[in-house]
Amino acid sequence: HSTLLRLKPAIVHIQAHGNQEGLALQDSSGDLHQVSWAALRDTLMATPGLRCVILNACESDMAATLGATPFVLITTPGAVISETTLTFTFGFYDALAAGSDIVECYTAGCNRMRLQGYSEDELPSMQPA
């Protein structure tokens, strides 16, 4: 929380374990804590200048059901594996490094997944700002 407020990032990318209730995040002591999708969303909503949030976690599409956000929200459907999210991530950040906007980056990530043989059901979802 304090890092978000201090750094004011334009993009937040979270790779974590998730379930229907929220994310399992590790604190600085190494202890795991369940963070609800609503608590995560509220924290991100209070981050100044945030343009995009990528949630690479199982069931992260639950976060998109909480309503509209002032940032683009990219979530993964159902249960996912790291290889799937990494494929999307490489495509997304390749496009970002090439100067693409967030929507183009999302499209590039999805296209990379398609090129690797992933089905449409495995692609992340994007909720526009």
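Taking Ile, Leu, Val, Met, Phe, Trp and Tyr as members and joining any whose side-chain heavy atoms lie under 4.5 Å apart, directly or through other members, the hydrophobic cluster of I74 also contains I11, I54, V72, F88, F92, Y93, L96, I102, V103, Y106, M113, Y118, L123, M126. By the 4.5 Å side-chain criterion applied to Ile, Leu, Val, Met, Phe, Trp and Tyr, F90 is assigned to a cluster that also includes L86. Other members of the hydrophobic cluster containing M45, listed by chain and number, are L4, V12, I14, L23, L25, V35, W37, L40, L44, L50, V53, L55, M62, L66, F71, L73; membership follows side-chain contacts under 4.5 Å among ILVMFWY residues, whether direct or relayed.
The list of salt bridge (Lys or Arg N to Asp or Glu O under 4.0 Å) pairs with a residue in residues 113-128, not counting sequence neighbours, reads R114-E120. The side chain to side chain donor-acceptor pair (under 3.5 Å) analysis of residues 70-81, with sequence neighbours excluded, yields the pairs S60-T76. Among residues at least two apart or in separate chains, there is no side chain to side chain donor-acceptor pair (under 3.5 Å) pair with a member in residues 39-49. Within the structure, salt bridge (Lys or Arg N to Asp or Glu O under 4.0 Å) pairs that include any residue of residues 62-81 do not occur (at least two apart or interchain). Under the salt bridge (Lys or Arg N to Asp or Glu O under 4.0 Å) criterion, the residue pairs touching residues 72-96 are D94-R112, with sequence neighbours excluded.
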Can you check side chain to side chain contact (heavy atoms under 4.5 Å, CB included) on T107 and N111, steps first, answer last? CA-CA 6 Å; T107 301; N111 286 340; 3.6 Å; yes
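Take R51 and apply the side chain to side chain donor-acceptor pair (under 3.5 Å) test, not counting sequence neighbours, and it matches no residue. Considering only residues two or more places apart in sequence or on other chains, S82 meets the side chain to side chain contact (heavy atoms under 4.5 Å, CB included) condition with Q15. With sequence neighbours excluded, the residues forming a side chain to side chain contact (heavy atoms under 4.5 Å, CB included) with A95 are S100, C105, A108, listed by chain and number. By the side chain to side chain donor-acceptor pair (under 3.5 Å) test, Q127 pairs with no residue at all, sequence neighbours left out.
Across every non-hydrogen atom of G18 and A57, the tightest pair is N-CB, 4.0 Å. A129 and P70 get closest at one heavy-atom pair: CB-O, 3.4 Å. Listed here is the closest heavy atom pair of T87 and Q116: CG2-CG, 3.7 Å.
Side chain of T89 to main chain of T85: a donor-acceptor pair is present (N/O by atom type, distance under 3.5 Å, no hydrogens or angles).
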